[in-house]
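In what follows, a single structure is set out as structure tokens and then discussed.
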Amino acid sequence: MITCPKCGNQAEDDAIFCDQCGTRLKVEAAPVAAAPAPAPVPAQVEAGAPAAAGAAEVICPSCGQSNVPGEMFCENCGTRLAAPEVAAAPAAATAPAPAGVEATSVARVCPACGATAAAGDTFCYACGADLSKGAEATPVTAVAPATEPAVAAPVAPVAPAALTCPSCGAEYAAGADFCEFCGAALPGGAAVTPVEPAQPMPATPVMALPRLVVAASGAELPLPDKAEVIVGREDPVTGVFPDVDLTPHGGDEGGVSRRHLRIVKQGNQYLAEDLNSTNGTLLNRKRLTPGAAEALQDGDSLRVGRVQLVFKLT
């Protein structure tokens with residue numbers, strides 16, 4: 001455990017910031033082991049096989065931390081990293097087409113990552129780069145029909161292009177509603193599917209209770225019938241037990257504070273108030289000022305740390 005030098009809070013060994021007061025914890029980055037020397041490449045390579053491009057380490061411009069190639073943010077300080085430049089694979093020499101073979105298509109080499117895309121692809125299947133801008137064309141030969149019917153070779157499925165957030169550029173999985181990095185609404189997101197109740201509904205109509213719906217799983221968290229409801233992360237060591245515990249829904253890895261958010265009921269109106277949390281609260285992509293309550297409406301989006309919620313009244 002690491003002791004915060006400001007408030008004395010006990011944090012996990014790998015914590016970078018105190019989840020109680022937000023003070024940066026003095027943790028020295030572990031030395032990065034030197035990468036082993038690459039194995040020698042055989043002199044003869046099968047014709048048509050793409051050359052593998054070596055990926056260099058990515059050094060953070062803010063703290064100097066060495067990061068794994070392909071990371072978008074520094075694992076030490078969170079600074080956005082520039083994508084490493086990858087040399088394009090050299091085009092294989094085109095051998096004379098044997099009898100009965102004719103050229104039918106042209107493959108493209110992605111200028112960003114060096115992957116070979118199929119003819120007619122507009123975007124690289126590996127990194128999503130636009131192939132219409134500076135992609136190298138490599139001729140590909142196709143076997144002409146023989147006198148006897150030939151069995152068509154199975155075509156490998158092409159991976160879908162990576163989806164990126166229109167606000168911050170971070171990649172996200174298909175079907176996501178909100179960006180987990182900046183909280184922006186994503187185009188074409190899947191609607192939140194409410195969980196079916198375990199017991200059959202009673203015959204008499206019952207008004208739905210106010211609740212929070214976890215966007216990632218669709219789990220519904222009913223709000224207790226009280227004037228003030230605390231939303232946060234349970235911590236038996238310090239004796240913190242919020243009314244709505246987000247620990248089973250990604251609270252630890254999502255940066256949720258023990259007492260993160262308060263939902264206040266005033267008559268028929270509900271208000272949301274950030275309790276000076278470490279990673280803040282967003283209401284419909286607007287950051288809440290700690291201590292200043294904002295009105296909640298049915299269907300409003302709440303991002304508590306990096307956990308995305310939807311406030312529901314119906």
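A salt bridge does not link Glu180 with Arg306: none of the charged nitrogens is closer than 4.0 Å to a carboxylate oxygen. A salt bridge does not link Arg233 with Asp245: every distance from a Lys NZ or Arg NE/NH1/NH2 to an Asp or Glu carboxylate oxygen is 4.0 Å or more.
How far CG of Asp235 is from OG1 of Thr247: 8.5 Å, rounded to the nearest 0.5 Å. Asp274 CG to Glu294 CD: the interatomic distance, rounded to the nearest 0.5 Å, is 11.0 Å. Going from atom CD of Gln308 over to atom CZ of Arg303 covers 7.5 Å, rounded to the nearest 0.5 Å. One finds the CZ atom of Arg258 at 4.5 Å from the OG1 atom of Thr238 (value rounded to the nearest 0.5 Å). To the nearest 0.5 Å, atoms CG (Leu282) and CG (Asp300) are separated by 12.5 Å. Between the CG atom in Asn276 and the OG1 atom in Thr278 there is a gap of 8.0 Å [rounded to 0.5 Å].
Closest non-hydrogen pair, Ser217 versus His249, comes out as OG-ND1, 4.5 Å. A pairwise comparison of heavy atoms in Leu271 and Ala295 identifies CD2-CA, 3.5 Å as the closest pair. Taking all atoms of both residues into account, the shortest heavy-atom contact from Ser62 to Cys77 is CB-SG, 4.1 Å. When every heavy atom of Arg287 is checked against every heavy atom of Gly280, the shortest pair comes out as NH1-CA, 3.4 Å. Among all heavy-atom pairs drawn from Val229 and Lys226, the shortest one is CG2-CG, 3.8 Å. Summarising the geometry of Ala272 relative to Leu261, their closest heavy-atom pair is CB-CD1, 4.1 Å, with the distance given to 0.1 Å.
Gln297 contributes no side-chain N or O that, together with a main-chain N or O of Phe311, makes up a donor-acceptor pair within less than 3.5 Å.
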Leu283/Leu302 under side-chain contact (heavy atoms from CB on, under 4.5 Å): CA gap, chis, key distance, verdict: CA-CA 5 Å; Leu283 173 58; Leu302 278 171; 3.8 Å; yes
Steps toward side-chain contact (heavy atoms from CB on, under 4.5 Å) verdict (Leu212, Lys312): CA-CA 6 Å; Leu212 297 174; Lys312 298 292 291 183; over 6 Å; no
Under the criterion side-chain contact (heavy atoms from CB on, under 4.5 Å), I'd like the reasoning laid out for Glu171 against Thr164: C-alpha separation, chi angles, the key distance, then a yes or no. CA-CA 4 Å; Glu171 293 188 5; Thr164 57; 4.1 Å; yes
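Between Leu309 and Val304, the closest side-chain pair of non-hydrogen atoms falls below 4.5 Å. Here the side chains of Asp243 and Val231 are not in contact, with every heavy-atom distance at 4.5 Å or above. You'll find the side chain of His260 reaches within 4.5 Å of the side chain of Thr281, heavy atoms only. By the 4.5 Å heavy-atom criterion applied to side chains, Lys265 and Asp225 are counted as neighbours. With a 4.5 Å cut-off on side-chain heavy atoms, Ile263 and Leu223 count as touching. A 4.5 Å side-chain heavy-atom check between Val240 and Glu234 finds every atom pair outside the cut-off. Annotation: side chain of Ile230 is in contact with side chain of Leu275 (closest heavy-atom distance under 4.5 Å). Looking at heavy atoms from C-beta onward, Leu313 lies in side-chain contact with Tyr270 at the 4.5 angstrom threshold.
When only modelled atom types and interatomic distance are considered, Ser301 and Asn284 share no side-chain donor-acceptor pair under 3.5 Å.
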